[in-house]
Amino acid sequence: MMPLRFEIRVLPTQSDLFHAAAVEFTECAARAVREHGYFTVALSGGSTPRGMFSLLASGAIPNVPWGKIYFFWGDERHVPPDSPESNYRMANEAMLSKVPVQPANTFRIPAEGKDANDVANAYEQTIQKFFALKPGEFPRFDLVLLGMGPDGHTASLFPGTTALQETKRIFVANWIEKMGDYRFTLTYPAINHAADIAFLVSGPDKATTLQQVLENKLAGLPAQKIQPENGKLLWLVDQASAKTLNMGDLETNLAE
Ligand code: 6PG
């Protein structure tokens, strides 16, 4: 069943997608600052968000409350922050190093740590402390940004991995057999507790998977379990990735 507040927006081009995402980010930030004085966001990794980050850093979108934003990451690779694989490095190069963000407001995943479980425990404690959570409670990020891989993974919730079953933890180290290493990731309950969740999906190589995720309830792909408990789910996709979507059916589903 579709989440209570679900929206899919198909943008003509990738740069239109980046613009729509940057505007959504800024509107979520403004709303959060109005409601509680600050904005908490979990950034996604991979390549797609770089264009959005660069646009935000360029100043093209006015009124981004940089001084009131707390940055977290939804997932990370098991690499140091200067690695070309690092999601932190990508966000820092494309945006954080170019805008007036307080370094103390940036909560990087210490992914250079040798013991992956220690890394995950440390970051989980960072989140618990920041959100002043009691044991068993989950954070309510104002916005969680997500991408989607051709295999239907999101954050670092990959098909067939242990973290897919996690119901108690906020943040875990997830062993990815095909990579022979751990990834670090927010869990489903932590993501689904967010006020707003936004997927950014771009490119023809994502079309088949996007159709499966949105139109085939039985596909059993990790991205399908992103269902906010009390929040909004927004899919921002470009025309190339939406080329096989049956928008008519989607709108019918939405109306159900
Ligand atoms: C990561 C991500 C991952 C990403 C998808 C899509 O660390 O890789 O967080 O979930 O969002 O793999 O990646 P692209 O945007 O590069 O296609």
Side-chain angles (χ1 to χ4, degrees), residues 11 13-15 17-18 20-22 24-25 41-55 71-95 107-112 116 119-120 123 141 143-161 163-164 166 171-188 190-192 194 197-214 221-226 233-238 240-243:
L11 290 308
T13 66
Q14 193 182 55
S15 54
L17 170 68
F18 295 151
E24 181 71 19
F25 177 98
V41 59
L43 301 179
S44 55
S47 57
T48 306
R50 183 191 292 274
M52 166 196 173
F53 296 164
S54 303
L55 194 60
F71 290 94
F72 295 81
W73 275 259
D75 75 317
E76 186 58 284
R77 294 88 182 270
H78 196 186
V79 294
D82 59 356
S83 159
E85 288 294 302
S86 164
N87 288 338
Y88 165 78
R89 177 176 165 178
M90 184 274 280
N92 191 45
E93 285 177 352
M95 177 173 64
F107 297 94
R108 179 179 72 79
I109 298 166
E112 65 274 22
V119 169
Y123 201 62
F141 287 101
L143 177 64
V144 173
L145 292 174
L146 295 173
M148 183 194 75
D151 61 359
H153 82 262
T154 189
S156 280
L157 298 164
F158 285 81
T161 60
L164 299 181
E166 183 57 57
F171 190 84
V172 294
N174 193 22
W175 178 258
I176 317 296
E177 191 58 39
K178 64 180 175 184
M179 297 173 183
D181 199 352
Y182 286 95
R183 282 279 196 100
F184 304 105
T185 187
L186 286 174
T187 60
Y188 281 127
I191 295 171
N192 286 332
I197 301 171
F199 275 99
L200 274 60
V201 180
S202 171
D205 64 324
K206 304 283 178 70
T208 309
T209 309
L210 186 62
Q211 187 192 24
Q212 285 298 304
V213 166
L214 293 176
L221 296 170
Q224 290 181 297
K225 284 182 69 182
I226 301 299
L233 178 58
L234 171 64
W235 286 83
L236 292 172
V237 305
D238 63 9
S241 66
K243 64 181 181 188

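Just follow the structure's listing: the first ligand is 1, and inside any ligand the first atom is 1. These numbers come from the heavy atoms of this one structure, side chains and all, not from hydrogens, waters or symmetry mates. Computed from a predicted model, the values in this text were never measured in an experiment.
If you look at A155 next to ligand 1, the close heavy atoms, those under 4.0 Å, all belong to the backbone. When non-hydrogen atoms are compared, ligand 1 lies under 4.0 Å from the side chain of N87 (C-beta onward) but not from its backbone. Both the backbone and the side chain of T48 come within 4.0 Å of ligand 1, counting heavy atoms alone.
For atom 12 (O) of ligand 1, the candidate residues are M90, H153, R77, R183; the nearest heavy-atom contact is made by H153.
In terms of modelled atom types and a separation under 3.5 Å, the side chain of E76 and the main chain of Y88 share a donor-acceptor contact. S54 contributes a side-chain N or O that, together with a main-chain N or O of R50, makes up a donor-acceptor pair within less than 3.5 Å. R77 places no side-chain N or O within donor-acceptor distance of the main-chain N or O of S86, the cut-off being under 3.5 Å. With hydrogens and angles ignored, the 3.5 Å screen pairs no side-chain donor or acceptor of T154 with any backbone N or O of A223. Although no hydrogens or angles enter the test, the distance criterion places no donor-acceptor pair under 3.5 Å between the side chain of N87 and the main chain of S44.
Below 3.5 Å of separation, one finds no N or O of S156 facing any N or O of ligand 1. Remark: ligand 1 and G45 share an N or O pair separated by less than 3.5 Å (distance only, no angle test).
N174 and S156 share no side-chain donor-acceptor pair at under 3.5 Å.
Scanning all protein heavy atoms for the shortest distance to atom 9 (O) of ligand 1 gives D75 OD1, 2.7 Å. Nearest to atom 11 (O) of ligand 1 among the protein's heavy atoms is G147 CA, 3.3 Å. Nearest to atom 6 (C) of ligand 1 among the protein's heavy atoms is M148 O, 3.6 Å. Of all protein heavy atoms, the one closest to atom 13 (O) of ligand 1 is G46 CA, 3.9 Å.
Under the 6.0 Å cut-off for aromatic ring centres, F141 and F72 qualify, their centroids lying closer than that.
Ring geometry, F184 versus H78: the interplanar angle exceeds 60°, so the pair is classed perpendicular (tilted spans 30 to 60°).
Residue contacts with ligand 1: K206 is included, with a non-hydrogen atom under 4.0 Å away.
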